[in-house]
Number of protein chains: 2
Amino acid sequence: MLTQSEENYLKAIFHIQQEVEGGISTSRLAEKLETKAASVTEMIKRLADKKLVDYQKYYGVQLTDMGRKHALLIVRKHRLWEFFLVERLNFNWDEVHEVAEQLEHIKSPKLVEELDIFLGRPEYDPHGDPIPDANGNLPKSPKKRLSQLKTGDHAICKGFNDNSSSFLKFLDKQEIGLDTQIEVIHIESFDESMTVLIDKREVPLSKTASDNIYVEHITVEV
Amino acid sequence: MLTQSEENYLKAIFHIQQEVEGGISTSRLAEKLETKAASVTEMIKRLADKKLVDYQKYYGVQLTDMGRKHALLIVRKHRLWEFFLVERLNFNWDEVHEVAEQLEHIKSPKLVEELDIFLGRPEYDPHGDPIPDANGNLPKSPKKRLSQLKTGDHAICKGFNDNSSSFLKFLDKQEIGLDTQIEVIHIESFDESMTVLIDKREVPLSKTASDNIYVEHITVEV
DNA sequence: ATATATAATTAGGTTTGCCTAAAAATATAA
DNA sequence: TTATATTTTTAGGCAAACCTAATTATATAT
């Protein structure tokens, strides 16, 4: 049985692997987990002993199939609980993360299954992130970053890369949420900031912001 | 902030104090927590340092007001989650204990409050145990043990002292649940076992069983 | 190619929470 | 009351996870 700490390491490795290919460095993991490199080295060795990660000294870690399976279950639980908190308990989407970080470690296969049923087997969490099914399969949608679009493009908001409370509050303020319709009306070449049209309002977005917004690019018949 | 282990000790002390007066012995606590006396002594000292218990070497522990407050919050969370599991997630009442033991340690005041609202501010958990409110007040009902009744008495089942899976399964088999109507039709003097009438069925109950069933004694107009 | 900088690992320590075995205190029985 | 039994505490250890400081590998720059 995995400890909470071991689960957190697996989840962190999984999330970093979603972004970059290849082995993950000790320091990158330490940063993500807000701990020190020495602690990471130690834990990685334990996980390698348990065949949950492949580890080569000085060359980083990668999840094994078993490790990925565990990680996906934790992600599944995290996202189901986030859905529960927002949809049933009136949490705002910027308040759920820390609580879900706790709830994801509850060990009860029946609980996960019954919660999934109770919630109507949702496919996406409140931030638009896909919820893995019981076998670890992710529903995948053809997502792009808003920053990849061109002037004149239309899109529908489908998720966010940064789930920090400050970013989500910023989105709330700009009235940007899941399924919000967006039209790109201008891209400033010098800093790649853009102006988008949302519900007839002109909203300015920095490159940092547009990088963190996932959209589905749609073609509009004129 | 309290660790999970500290919370479990407070809860155990609270539950034992409900049953017997006075200081609680190290060995009694060790038994309840399925650990060793030496470990208990150690933890008790930590809790005493934190002013959560009063402790006198060789004379047992008692909760302080602060300690009781913490214990009641844990009991509140435990029972709210049990209610949730049974009423919303289709758990049977004999399956909820271990999961609730985990869920009770989730730290989020908002979660507790919103869950309470979501569930309709229930007063009793699925076993008939009272759920403390946010201030630690217990709704109290005038409960007796079924074993205290006399032949001919009528009563309504209001709770159980033993929440073990085996006892709850036994109750299920006898079709005894919360609010079940019971009439005592015979008490065997030599072993204090009794025969009760439930929904026109004669059900034999050992003293052990009747000791663990709480009832509200009612007067029937004939 | 060699020196320097950066990153990773090892060494050695801490805290929490558990353990066993020995010692001390209290309770029970002759 | 004194001996015996039981309970409690103390002493000393262990594993999980963390830490800092020192060492060793690897990467970078001259």
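Just so it is clear: chains get the letters A, B, ... in the order the sequence lines come, proteins before strands, and each one is counted from 1. Side chains included, hydrogens not; waters and symmetry mates left out as well; all remaining heavy atoms used.
Going from atom CD of Q4(B) over to atom C1' of dC18(C) covers 15 Å, rounded to whole Å. When rounded to the nearest whole Å, the span between CG of L2(B) and P of dT16(C) equals 12 Å. The distance from atom CD of E42(A) to atom C1' of dA8(C) is 14 Å, rounded to the nearest whole Å. For the pair E31(A) CD and dT6(C) P, the computed distance is 16 Å after rounding to whole Å. Atom-to-atom, CG of D49(B) to P of dG17(C) comes out at 13 Å; the value is rounded to the nearest Å. For K50(B) and dT15(C), the NZ to C1' distance is 11 Å, given to the nearest whole Å. Rounded to an integer number of Å, the gap from CD of E34(B) to C1' of dC19(C) is 16 Å. The distance from atom CG of L33(A) to atom P of dC19(D) is 10 Å, rounded to the nearest whole Å.
In this model, no donor atom of one side chain and acceptor atom of the other lie less than 3.5 Å apart for S5(B) and T3(B). The closest side-chain donor-acceptor pair between E82(B) and H78(B) falls under 3.5 angstrom. Of the N and O atoms on the side chains of H105(A) and Q4(A), not one donor lies less than 3.5 Å from an acceptor on the other residue.
Ion pair E31(B)/R28(B) flagged as a salt bridge, since at least one NZ, NE, NH1 or NH2 atom sits closer than 4.0 Å to an Asp/Glu carboxylate oxygen. With respect to the salt-bridge test (charged N to carboxylate O, under 4.0 angstrom), the residues K207(B) and D211(B) qualify. In summary, R68(A) and D65(A) engage in a salt bridge, as defined by a charged side-chain N under 4.0 Å from a carboxylate O.
Looking at residues 8-29 of chain B, you'll see S25(B), T26(B), S27(B) sit with a heavy atom under 4.0 Å from some atom of DNA chain D.
Nearest-nucleotide positions on DNA chain D place T35(A) closer to the 5' end than the other of T35(A) and Y59(A). Nearest-nucleotide positions on DNA chain D place K57(B) closer to the 5' end than the other of K57(A) and K57(B).
Contact annotation: T41(A) side-chain N/O to dT10(C) OP1/OP2 distance is not under 4.0 Å. Side-chain nitrogen and oxygen atoms of S5(A) include at least one within less than 4.0 Å of the OP1 or OP2 phosphate oxygen of dC18(D). The shortest distance between the side-chain N/O atoms of T3(B) and the OP1/OP2 oxygens of dG17(C) is below 4.0 Å. Here Y55(B) reaches the OP1 or OP2 of dT9(D): one of its side-chain N or O atoms lies under 4.0 Å away.
Outside the 6.0 Å centre-distance limit, the rings of F170(A) and F160(A) are not counted as a close aromatic pair.
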Heteroatom pairs (N/O) under 3.5 angstrom, protein to nucleotides 20-23 of chain C:
unit_1	atom_1	unit_2	atom_2	d
dT20(C)	OP2	K36(B)	NZ	3.3

Salt bridge (charged side-chain N to carboxylate O under 4.0 Å, His left out) between E101(B) and K11(B), intermediate numbers included: CA-CA 11 Å; E101(B) 293 270 283; K11(B) 192 179 55 146; 2.6 Å; yes
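Residues D116(B) and I131(B) are not in side-chain contact: their nearest non-hydrogen atoms beyond the backbone lie 4.5 Å or more apart.
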